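Encoded as structure tokens, the structure appears first; notes follow it.
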Amino acid sequence: RDNGQCHSPLQPPLCIGKPMIPLNECHIDHIKSGKLGTNERDNLRVLCPVCHALRADHRHQGLTAKLLRKGLIPSNWRELVWED
């Protein structure tokens, strides 16, 4: 459905899912997460790991820390956080 493309507003080189990201490397993000979210198709979208970690959601703290350790997101990551 998402044609293997990251659906965040971030652009390359930060976003590693544009124009395409392989299925085995993409993340499936809940647009509305937590108790308000569902696993229905219209509540899901493809994000690359970097854009997923930088999405404004406290549930992504562990992912952000992991990608920081790997050097995949810059130290000024807080300036790059995005939300819908």
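Keep in mind the model is a prediction, meaning the values are calculated, not measured.
Here Lys66 pairs with Arg69, Lys70 under the side-chain contact (heavy atoms from CB on, under 4.5 Å) rule; sequence neighbours left out. Under the side-chain hydrogen bond (donor to acceptor under 3.5 Å, both in side chains) criterion, Arg55 pairs with Asp29, not counting sequence neighbours. In terms of the side-chain contact (heavy atoms from CB on, under 4.5 Å) criterion, Pro13 has no residue partners (sequence neighbours excluded). The salt bridge (charged side-chain N to carboxylate O under 4.0 Å, His left out) check on Asp42 picks up nothing, with sequence neighbours excluded. Under the rule for a side-chain hydrogen bond (donor to acceptor under 3.5 Å, both in side chains), Asn3 has no partner lying at least two apart in sequence or in another chain. For the salt bridge (charged side-chain N to carboxylate O under 4.0 Å, His left out) test, residues two or more places apart in sequence or in another chain that qualify with Arg59 are Asp57. Checked against side-chain hydrogen bond (donor to acceptor under 3.5 Å, both in side chains), Glu83 has no partners two or more places apart in sequence or in another chain. In terms of the side-chain contact (heavy atoms from CB on, under 4.5 Å) criterion, Arg78 has no residue partners (sequence neighbours excluded).
Here Ile21 sits in one hydrophobic cluster together with Ile28, Leu44, Val46; the rule is ILVMFWY side chains under 4.5 Å apart, joined directly or through other members.
Within the structure, no pair that satisfies the salt bridge (charged side-chain N to carboxylate O under 4.0 Å, His left out) test touches residues 6-25, not counting sequence neighbours. Sorted by first then second residue, the ring-ring contact (aromatic ring centres under 6.0 Å, His included) pairs that include residues 65-84, not counting sequence neighbours, number zero. Applying the ring-ring contact (aromatic ring centres under 6.0 Å, His included) test to residues at least two apart or on different chains, the pairs with a partner in residues 30-53 are His27-His52, His52-His60.
Atom SG of Cys26 is separated from atom CD of Gln5 by 12.0 Å, given to the nearest 0.5 angstrom. Summarising the geometry, atom SG belonging to Cys6 is positioned 4.5 Å from atom CG belonging to Leu47; distances are rounded to the nearest 0.5 Å.
Panel note: side chain Thr64, backbone Ala53; a donor-acceptor pair is recorded below 3.5 Å. Side-chain atoms of Asn43 come within 3.5 Å of backbone atoms of Thr38 as a donor-acceptor pair (strictly under, hydrogens ignored).
By the criterion of side-chain heavy atoms lying less than 4.5 angstrom apart, applied directly or through intervening Ile, Leu, Val, Met, Phe, Trp or Tyr residues, Ile16 is grouped together with Val81 in one hydrophobic cluster.
Considering all non-hydrogen atoms of both residues, Cys15 and Leu10 come closest at CB-O, 3.6 Å. Minimum heavy-atom separation, Pro74 to Leu14: CD-CD1, 3.9 Å.
A salt bridge does not link Asp84 with Lys32: every distance from a Lys NZ or Arg NE/NH1/NH2 to an Asp or Glu carboxylate oxygen is 4.0 Å or more.
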